[in-house]
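Per chain, numbering begins at 1; letters A, B, ... match sequence-line order. None of these values were measured; they are calculated from a predicted model.
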Amino acid sequence: MTNNYNDTKLSWESPEQMTADNNEHVYSPRFLDKKWQDRWTKDGLHSVDDNDPRPKWYELTMFPYPSGDLHIGHWYAMAPSDAHARFRKMQGYNVLHPMGFDAFGLPAENAAIKRGIHPYEWTMSNIENMRGQLKSMGTIYDWDREIICALPEYYRWNQWFFLQFYKAGLAYRAHAPANWCPSCQTVLANEQVIDGNCERCDTEVSRRDLEQWFLRITKYAEELLDFSGLLDWPERIKAMQSNWIGRSEGTHISFDISHCGLEEVELRTFTTRIDTIYGVTFVVLAPEHPLVDKLTAPEKAKEVKAYVEQARRQTEIERLSADKEKTGVFIGSYCVNRLNGEKVPIFIADYALLSYGTGIVMGVPAHDTRDFAFAQKFDLPVKVVIAPDNWNGNELEEAHIENGTQVNSGQFDGLTSDHGKDAIADYIEGQGWGERTVSYRIRDWLISRQRYWGTPIPIIYCDRCGIVPVSEDMLPVLLPEDAQFRPTGESPLRYNEGFLNTSCPACGGMAKRETDTMDTFVDSSWYHMRYTSPSYHDAPIDPKTMAKWLPVDQYTGGAEHAVMHLLYSRFFNKAIRDIGLVDYDEPYLRLFNQGTIISQNAKMSKSRGNVINPDIYVDKLGADVVRGYIMFLGPWDQGGEWSDGGINGMARWFNRLWDIVTRDVETIMETPNPEKAERDLTRLLHKTIRRVEEDYSRFKFNTALAAMMELTNYMARAWDNNQVTKSSWTSTISNLLILLAPIAPHVTEELWERMGNEYSIHNQLMPDWDKDLAQDEEITLVVQVNGKVRDKIQVEASVSEDQAKSIATESEKVKPYLQGMDIRQLIYVPGKLVNIVVS
RNA sequence: GCCCAGGUGGCGGAAGGGUAGACGCGGCGGACUUAAAAUCCGCUCUCCCUAAAAGAGGUGUGGGUUCGAAUCCCUCCCUGGGCACCA
């Protein structure tokens, strides 16, 4: 059969040339995108009803920073999540799939410094533009629920949460060395320093001592390691969070310094290897440790001071480099190892970190690689206390860090080191010299930022009353509009007299406001909650909508947020739970991480010039083709490479689909065997339904599309071969359109209407598949001899084991391989194959 | 160094103990066209062979388990990500 494809194909012409008016059969994607987007908006098709009785499904994708342009990476994150949310909706859920803007942050302020545009103007006009681009994707976002973090009605609740944390002892101020990004002109949290560089701008960070506000995430270290409240999170993300939290079990053990005549009478160290306590030959303090001054002998003072200053100057990178040669200084005093009464010299060295454990390390060169290197450098004794198996008593070439037998360990000699650990810890606890404990690598979350475009921290400093929180009824503390944007290293708010000067809420006297603003990760820690009641005035969330929607059922986004946003948000949830604001333990029950879309073998970036602008493709090919192509690239979690050739393939398939759906069924001729034609097409349809729905639920859009392509390929062939019936044809195309609707909402809506169906396809339910109808009538029986395929035979699906075996052994192609052989075994796999084992 | 995730045609990728390479891109050949584009049809892992048929080989490497391994187990190599002087 020949088709006049010119009449029915999709046209990629502009809508001016091709409108639905001048030709019913020609479709312009650009025209149709707009036609249906307008219609859906007008009908409120995607507005979400809090009172809908259907089971709820809250599907969220990480909201974008309003950089001003929606690039292909945004599409890659958002189009598949939209398809998945649509799929859930078509499974009968009441779906909330909202969108908003992570609108505070540095680029807005940098634009102000560079170009004199106010951050508010810059941000809001970017949002305006991006909202339009987001709408062009054809997503089901309910724009009535949009949130913008930079607006006072949002950030006042950041301040409100901060005050609750302050009251609960979860927010505190401390003077501490902090990571300073000289380019961003602000401090950063530990999570925002990647390999010693700023997470945003990649500039090397330095250290700066400042008064800073912290949130006490360490209080939740143990609970954050417990992922049992999550339904489905990637193991990788859980591993990254576990790594970051860095739990290690060990013992606190103190060394006696009572002979020094100080107020302090002991040095507390943390060790995971208490079994090696008899091998201590030195103790190391972190250079910044407060006891350093007190313990330094006068004759060493100069040398120690020089070392401390040099250590402070070092950047994070220099200091943490593992291959760096050990440095340090003997400070001229000693402590006593209480277990054996030995006198132990005290050093300072920068490999001891003030912020981990107690800031003091017991040096056991025989059994720790770092201590070994230090001992070599300073010619300190290496005392073996854990004998390796078959140890001959010689000196060690390197540290023996594995297990062994306790030696030179007093009463513990002869125990295995495992037993030694327990016995020594018991003994120490009994003597009151220390106790078993757990140490974590994670530090409290530093939220102060010395920048303008963020949430003002609602704190007032009064000379008489000290630190005074702003009272709740005075919120929000508004960002002043008229700030001077100068990169001074201090918040621009400090130079704004009108903002800075205020009166003390306690005594009414003159006082000054905190001028730092909050890390923007505070905004994203609870934004998912605000979507449920974006304009609620009495609290961050309406308790009614909270109970209805939260927690989030499915969250999607990039893995780069594993130890930043995702960890902060989990902490935030647990903290506000303990304050009594929510009653669940985890904010995001299921998490799926999409990969990265690349182009020309590299991440897209302006400097590489390999950036793909989606608008051009949307304009030419329509949103559905771009959506479909992005989902067809490969498995969503593995990312993929953009190719222009590839997207044309997707456009071609939509073209063929359009052709198939718009064929006139009245021209179908009588087929010789209508029952068989009907059964065959129906069978493939039901197999396709099964595959597509399984694939959607696992985010395998690529194979779902492949299944639908196989179906259209079959249909085109069957039509040409006169092997279709009107009824199966019609029912197959309407089911196919429903299956495809989550990926391609516009084309399917248009074709659905053209078939004469009731508006809207997006209110249809996903079809069920029928096991019997999907059942094969014939199968290909594979016949192997010793595991090698020798024949493939079409047989009835109902074939019995005996029948299959005899068909296999009697195959003409197989017989030569059986000649003169003994059949040892016949393996039968029902519905699949027979393997004849011969020798 | 430790912990994850990967390695399959020219390319993106299917298959997660049972026909390796679905689906798509690219390529080749053909139809339509004055021609081109678009569209449609056919072929497209490698070797052997004039060709077909039939063989043989083939999923990073080397071993193992199994009637049968891309798939499970062990060794090593490579790629990407995370942690790393954390005591």
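An OP1 or OP2 oxygen of G55(B) is reached within less than 4.0 angstrom by a side-chain nitrogen or oxygen of Tyr817(A). For Ser248(A) and A87(B), the shortest distance from a side-chain N or O to OP1 or OP2 is below 4.0 Å. Within the structure, a side-chain polar atom (N or O) of Lys788(A) is placed less than 4.0 Å from OP1 or OP2 of G57(B). When the side-chain nitrogen and oxygen atoms of Arg236(A) are compared with OP1 and OP2 of C83(B), none of them lie within a distance under 4.0 Å.
Between Asp720(A) and Arg717(A), no side-chain nitrogen of the basic residue sits less than 4.0 Å from a carboxylate oxygen of the acidic one, so the salt-bridge criterion is not met.
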Nucleotides 44-48 of chain B: which of its N/O atoms have a protein N/O under 3.5 Å away?
none

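Side-chain N/O atoms of Gln784(A) and base N/O atoms of G18(B) include a donor-acceptor pair closer than 3.5 Å.
Using a 3.5 Å distance cut-off with no hydrogens or angles, the side chains of Arg824(A) and Ser839(A) do pair a donor with an acceptor. Side-chain N/O atoms of Gln241(A) and Arg570(A) include a donor and acceptor closer than 3.5 Å.
Counting heavy atoms from C-beta on, the side chains of Glu796(A) and Glu777(A) never come closer than 4.5 Å.
C67(B): Watson-Crick or G-U partner is G18(B), with both key distances under 3.5 Å. Base pairing analysis places G55(B) opposite C47(B); the two distances defining the Watson-Crick or G-U wobble pair are each below 3.5 Å. Using Watson-Crick or G-U wobble geometry with both donor-acceptor distances under 3.5 Å, G62(B) finds its partner in C74(B). Across every strand in view, G1(B) sits in a pair with C83(B) that passes the Watson-Crick or G-U test at under 3.5 angstrom.
Side chain of Leu353(A), nearest nucleotide from A22(B), A87(B), G18(B): A87(B). Minimum atom distance to the side chain of Ala706(A) is reached by A22(B), of the listed A22(B), C85(B), A87(B). Candidate nucleotides C83(B), G57(B), A87(B) were compared by shortest atom distance to the side chain of Asn243(A), and C83(B) ranks first.
Distance noted for atom C1' between G29(B) and U19(B): 28 Å (whole Å). Taking atom C1' in both G21(B) and A15(B), one finds a spacing of 9 Å when rounded to whole Å.
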Base-contact (B) and sugar-phosphate-only (S) positions in nucleotides 24-29 of chain B, heavy-atom cut-off under 4.0 Å, - elsewhere: SSS---

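At the heavy-atom level, Arg790(A) lies under 4.0 Å from the strands shown only through sugar-phosphate atoms. Leu633(A) comes within 4.0 angstrom of the backbone, heavy atoms only, and of no base.
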